[in-house]
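All values derive from a computational prediction rather than experimental measurement.
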Protein chains: 2
Amino acid sequence: MTQEEKTARQDGGVRERLLAAALGLFNSKGYAAASVREIVEASGVTKPVLYYYFGNKEGLYLELMNGPLAEFESSLKRVTAFQGGVTERILHFCLTILELVRENVEVARLVYAIYYGPPQGAPHIDFNTLFDRMVESIGEMVREGAENGELRPDAGQDGAWAVISILNTAMEEQFCHTPPRIDGPQMERMLRLLMEGLAAKTA
Amino acid sequence: MTQEEKTARQDGGVRERLLAAALGLFNSKGYAAASVREIVEASGVTKPVLYYYFGNKEGLYLELMNGPLAEFESSLKRVTAFQGGVTERILHFCLTILELVRENVEVARLVYAIYYGPPQGAPHIDFNTLFDRMVESIGEMVREGAENGELRPDAGQDGAWAVISILNTAMEEQFCHTPPRIDGPQMERMLRLLMEGLAAKTA
DNA sequence: CATGCTACTTACCGATCGGTAAGATACTAA
DNA sequence: TTAGTATCTTACCGATCGGTAAGTAGCATG
């Protein structure tokens with residue numbers, strides 16, 4: 001066996017296979033009802049391998065979550081750098097987030113299931129900071145819009161939450177329906193209707 | 001033992017206690033992770049009693065769901081009878097639905113967990129018709145408003161879905177946060193902002 | 001009192017659960 | 001070749017799972 005073959009054994013993709021299988025099964029059955037036995041069977045390895053790589057079921061779950069979460073969080077940071085009028089910035093923000101969700105539907109689905117569902121014995125993961133970050137960013141944009149006269153002065157919290165509602169529901173649609181009943185263009189149109197209600201009155 | 005005491009034994013509330021315990025545990029742990037043992041323990045009876053009344057775990061779950069679902073559905077029918085301008089009708093509709101959710105937070109929480117989460121081995125319950133009914137009612141009101149000139153002619157699907165988004169997110173807030181970040185009055189303000197964007201242009 | 005029914009208990013079942021000890025295999029370095 | 005390490009397997013563990021058979025207690029009726 002050569003050095004490359006050693007690499008192949010070391011990096012035979014066991015970790016990735018386990019993570020992929022776990023994602024699928026946690027999504028389709030939930031944490032509690034997805035057994036270690038079926039996860040390893042779907043990965044083509046034996047049970048102690050899972051314990052070798054991840055310590056236990058919880059460790060697998062935490063690693064499954066923490067990777068995409070960090071990625072999503074860094075993407076969230078980047079998207080707030082967009083420049084333009086407030087309406088265009090809000091649209092850009094929401095469309096980018098929605099695209100992110102569409103590119104990671106399975107992970108997003110699991111995140112939402114965890115957020116809305118019971119823990120099922122799974123270790124606690126706090127998604128609030130992520131969602132709160134989005135709420136905050138949108139709130140900041142609406143506030144700026146109200147201050148610079150682009151949006152009505154009383155747009156504030158209510159306006160921000162109305163934007164968040166449209167984004168949130170559009171995101172949820174990506175994994176609740178096949179095909180989703182709301183796509184990017186439709187969410188944009190919805191937001192534009194709302195932004196008209198938020199617009200400063202010039203008459 | 002008298003006839004009243006017989007009644008007491010027959011109606012000692014065992015069914016209700018089992019349903020209440022199941023609701024709490026399904027909500028806090030999920031269907032799969034909530035065991036029959038802990039449900040009966042929380043009810044103060046023994047395991048075969050659950051099987052006596054409900055046949056099995058699935059039967060308990062189905063009965064737990066079907067009761068409130070039927071109630072929610074009949075409430076939904078009644079709420080569409082309200083008369084008034086389209087904006088007022090939409091507001092009334094959404095506020096009533098939100099109030100219904102607030103009065104049945106535990107059931108609503110479980111419904112959402114089921115809707116967004118994996119089945120966990122639980123029997124399938126179709127919530128789509130319920131949600132679809134709401135989507136349809138709101139769509140109908142927006143359509144009427146566009147036809148009678150109260151709303152802009154292109155309000156249609158996008159406007160309806162924007163309303164649904166706000167209602168949906170407000171509903172979810174009732175069990176995601178304590179206290180919820182969106183209450184009835186705030187949802188109303190959000191909807192009014194949106195309705196301004198949907199309003200027919202008279203200028 | 002005997003019988004039948006309802007509501008409930010005790011004790012048990014086979015199956016599956018997450019996890020682990022002991023061992024085997026492959027590889028590398030000395 | 002030996003020793004150590006990484007990666008993996010077989011076989012097993014105690015605990016819990018949903019479910020059930022057999023029995024008991026309470027009650028009403030004839």
Side-chain angles (χ1 to χ4, degrees), chain A residues 1-23 25-26 28-65 118-124, chain B residues 1-23 25-26 28-65 118-124:
Chain A
M1 200 180 287
T2 68
Q3 179 73 7
E4 287 175 341
E5 283 165 331
K6 170 197 173 187
T7 302
R9 193 187 188 200
Q10 273 188 335
D11 299 325
V14 171
R15 291 184 63 103
E16 287 70 35
R17 293 206 313 273
L18 281 166
L19 289 165
L23 178 60
L25 286 162
F26 287 153
S28 60
K29 296 192 166 198
Y31 180 82
S35 71
V36 171
R37 277 181 172 85
E38 56 189 337
I39 291 168
V40 296
E41 189 179 331
S43 311
V45 296
T46 59
K47 204 152 42 112
V49 174
L50 183 147
Y51 293 90
Y52 173 76
Y53 281 103
F54 301 105
N56 52 23
K57 189 179 179 182
E58 288 197 7
L60 171 63
Y61 174 80
L62 285 172
E63 186 139 349
L64 184 59
M65 287 288 91
Q120 304 181 39
H124 177 67
Chain B
M1 200 181 285
T2 68
Q3 177 73 7
E4 286 174 343
E5 282 164 334
K6 171 195 174 186
T7 302
R9 190 182 193 209
Q10 273 189 336
D11 298 324
V14 171
R15 290 185 64 103
E16 287 71 33
R17 295 207 309 275
L18 281 166
L19 287 165
L23 178 60
L25 286 162
F26 287 152
S28 61
K29 295 193 164 196
Y31 180 81
S35 70
V36 171
R37 278 181 171 83
E38 54 188 340
I39 291 169
V40 297
E41 189 181 331
S43 309
V45 295
T46 58
K47 204 153 38 119
V49 175
L50 184 148
Y51 294 89
Y52 174 76
Y53 280 103
F54 301 104
N56 54 24
K57 188 179 180 182
E58 290 197 3
L60 171 63
Y61 174 80
L62 285 171
E63 185 141 347
L64 183 59
M65 288 289 91
Q120 306 180 39
H124 177 66

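- Taken from CG in L18(B) to CD in E16(B), the straight-line distance is 9.0 Å, to the nearest 0.5 Å.
- With rounding to whole Å, I39(B) atom CD1 is found 10 Å from dG19(D) atom P.
- Scanning both residues, A32(B) and A33(A), for their nearest heavy atoms gives CB-CB, 3.6 Å.
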Please tabulate the protein-to-nucleotide N/O contacts below 3.5 Å involving nucleotides 9-14 of chain D, giving atom names and distances.
{"unit_1": "dT9(D)", "atom_1": "OP2", "unit_2": "T46(A)", "atom_2": "N", "d": "3.1"}
{"unit_1": "dT9(D)", "atom_1": "OP2", "unit_2": "T46(A)", "atom_2": "OG1", "d": "2.6"}

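- Note that CZ of F26(A) and CG of L19(A) are 9.5 Å apart. Values are rounded to the nearest 0.5 Å.
- S28(B) meets the side chain to side chain contact (heavy atoms under 4.5 Å, CB included) test with L25(B); sequence neighbours excluded.
- Rounded to whole Å, atom P of dC17(D) lies 11 Å from atom CD of E41(B).
- Contact between the side-chain N/O atoms of S35(B) and the OP1/OP2 oxygens of dT16(D) is not found at any separation under 4.0 Å.
- Contact annotation: Y53(B) reaches the phosphate of dC8(C) (side-chain N/O to OP1 or OP2, under 4.0 Å).
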List, one per line, each side-chain donor-acceptor pair under 3.5 Å for residues 56-65 of chain B, sequence neighbours excluded.
{"unit_1": "N56(B)", "atom_1": "OD1", "unit_2": "E58(B)", "atom_2": "N", "d": "3.2"}
{"unit_1": "N56(B)", "atom_1": "OD1", "unit_2": "G59(B)", "atom_2": "N", "d": "2.9"}
{"unit_1": "K57(B)", "atom_1": "NZ", "unit_2": "Y31(B)", "atom_2": "O", "d": "2.8"}
{"unit_1": "K57(B)", "atom_1": "NZ", "unit_2": "A34(B)", "atom_2": "O", "d": "2.8"}
{"unit_1": "E63(B)", "atom_1": "OE1", "unit_2": "R15(B)", "atom_2": "NH2", "d": "3.2"}
{"unit_1": "E63(B)", "atom_1": "OE2", "unit_2": "R15(B)", "atom_2": "NH2", "d": "2.3"}

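- Note on A34(B): only backbone sugar-phosphate atoms sit closer than 4.0 angstrom, heavy atoms only; bases stay farther off.
- For Y51(A), there are no ring-ring contact (aromatic ring centres under 6.0 Å, His included) partners at least two apart in sequence or on another chain.
- Rounded to whole Å, atom C1' of dA24(C) lies 14 Å from atom OH of Y52(A).
- In plain terms, the two heavy atoms of A42(B) and A21(B) that are nearest each other are CB-CB, 3.9 Å.
- Note: CZ (F54(B)) to P (dG18(D)) measures 15 Å, nearest angstrom.
- Protein atom CG of L50(B) is 14 Å distant from nucleotide atom C1' of dA7(C), rounded to whole Å.
- Atom P of nucleotide dG18(D) and atom NZ of K29(B) are separated by 11 Å, given to the nearest angstrom.
- Using a 4.0 Å cutoff on non-hydrogen atoms, the parts of residues 56-65 of chain A near DNA chain C are N56(A), K57(A), ordered by number.
- Residues in residues 35-45 of chain B take part in these salt bridge (Lys or Arg N to Asp or Glu O under 4.0 Å) pairs, two or more places apart or across chains: K29(B)-E38(B).
- Shortest non-hydrogen contact noted between R17(B) and V45(B) is NH2-CG1, 3.7 Å.
- Note on Y51(A): a side-chain N or O is less than 4.0 Å away from OP1 or OP2 of dG19(C).
- Nucleic acid contact class of A33(A) (heavy atoms, under 4.0 Å, all strands): none.
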